[in-house]
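Read the structure below first, then the notes.
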Amino acid sequence: MPFEHLSPQTFTAGWNSSRLAAAVIGLSLFSTSTRAEDLIDAALKFFLANDSNTAGFDLDKSRPQPVTSDYKAMVLNSLPKEGRLTKLNELRQRKLDSLGAVLRLHQRQSVYDFAVFESAPKPFAFIGLHQRAVLLISDAALDLLDAEELQASVAHEIGHEYVWAEYRDATQRHDNLRLKELELICDGVAILTLRRVGLDPARLPTAAEKITNFNLLSTGPAWNAERYPSAGERRRFAQAVVNWADSHQGSGVTGK
Ligand SMILES: [Zn+2]
């Protein structure tokens, strides 16, 4: 599933992708256009200022404290060794290397480690930020996405740091509407990030759609599809964030 976050239970179960896609849940019953606009408005509020005198959300001022190196070491130790790819071919390595600009912008270049893993028995495209310390990337995702799409996807994962506690709480409450809203907020952080590093924000929805379509063909419908906004909602929200950022051009907080 695109941008999914693995639970500790997933790790005890190993990397088996069929476990990740084990259950099939129907699409949300609440996908009328009115609900979609409500969802987009709710997510957009995160970026708006409370009053007209302030510029609104600021990537730098709002950035969460990174995890410590001790914590990261503990998280890395907890990952299963089996299935982890330690030697990457040149093309895969080049794509990982391309993430430097996005990580540097968020001061995460020495905070995160990468863990590239083999998805089996069927290829499964997955990118997730585990415990705010390790970027988990499956072999299938690394091969499927080009460097810019990978950067867009990782920028989305960095966005999760900004709403980490809210996401955990919404997951525990099974509040799928809130989870969709938080996914859109992460898209918004990604879009602002991509503008700052000079990449086209349109690569974000393209990457998400490529992952969804790939997994649908490889492993079938996602068990947690109802937690994610639709492709249309993501594209509409992305345009709303671009419009908002354009209107704050020159404020120094939204990139170009
Ligand atoms: Zn996400």
Side-chain angles (χ1 to χ4, degrees), residues 1-8 10 17 20-21 25 27-28 36 39-40 42-44 46-47 57 59 62-64 67 99 102-103 106 108 112 114-115 124-138 140-142 144-145 148-194 199 201-216 222-238 240-241:
M1 197 61 209
F3 317 125
E4 163 65 339
H5 308 275
L6 293 180
S7 65
T10 309
S17 65
L20 291 172
I25 296 173
L27 292 171
S28 168
L39 174 68
I40 288 163
L44 201 57
F46 183 85
F47 296 95
F57 177 77
L59 276 183
S62 307
R63 181 168 300 117
V67 298
L99 294 169
V102 164
L103 295 175
H106 283 281
R108 291 298 187 265
Y112 298 159
F114 296 115
F124 188 73
F126 175 87
I127 298 171
L129 177 62
H130 180 55
Q131 300 294 327
R132 300 177 56 204
V134 182
L135 279 165
L136 298 171
I137 304 175
S138 75
L142 200 48
L144 177 70
L145 302 182
E148 292 194 0
E149 290 159 351
L150 187 67
Q151 290 173 73
S153 305
V154 166
H156 169 101
E157 292 308 316
I158 294 171
H160 274 279
E161 281 220 51
Y162 288 83
V163 292
W164 197 262
E166 292 88 341
Y167 201 95
R168 185 196 54 214
D169 294 347
T171 304
Q172 282 170 358
R173 304 197 294 276
H174 305 289
D175 184 346
N176 290 335
L177 200 58
R178 178 67 173 152
L179 288 171
K180 285 183 187 186
E181 193 184 313
L182 294 170
E183 288 296 340
L184 290 180
I185 288 171
C186 297
D187 278 358
V189 170
I191 288 163
L192 299 183
T193 302
L194 296 174
L199 290 175
R203 305 314 297 272
L204 179 69
T206 304
E209 285 162 30
K210 276 174 86 169
I211 289 175
T212 302
N213 294 338
F214 177 89
N215 288 339
L216 194 60
W223 64 272
N224 55 1
E226 62 181 10
R227 294 180 180 181
Y228 289 85
S230 68
E233 286 164 344
R234 289 185 103 139
R235 286 191 177 271
R236 280 204 294 283
F237 179 74
V241 172

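Start at 1 and go down the list; that is how both ligands and their atoms are numbered.
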Start with the C-alpha distance between L184 and F46, add both sets of side-chain angles, then the distance that settles side-chain contact (heavy atoms from CB on, under 4.5 Å), and finish with yes or no. CA-CA 10 Å; L184 290 180; F46 183 85; over 6 Å; no
Has D187 got an N/O/S atom less than 2.8 Å from the Zn ion (ligand 1)? no
Verify the distance test for H156 against the Zn ion (ligand 1): any N/O/S atom under 2.8 Å, yes or no. yes
Salt bridge flag under 4.0 Å for residues E166 and R178: no
Verify side-chain contact (heavy atoms from CB on, under 4.5 Å) between L129 and E161, making sure each step is shown before the conclusion. CA-CA 9 Å; L129 177 62; E161 281 220 51; 3.7 Å; yes
Opening angle between OE1 in E183 and NE2 in H160, taken at the Zn ion (ligand 1), to 10 degrees: 120°
My understanding is that only residues two or more places apart in sequence, or in another chain, count here; which of them pass ring-ring contact (aromatic ring centres under 6.0 Å, His included) with Y162? F57
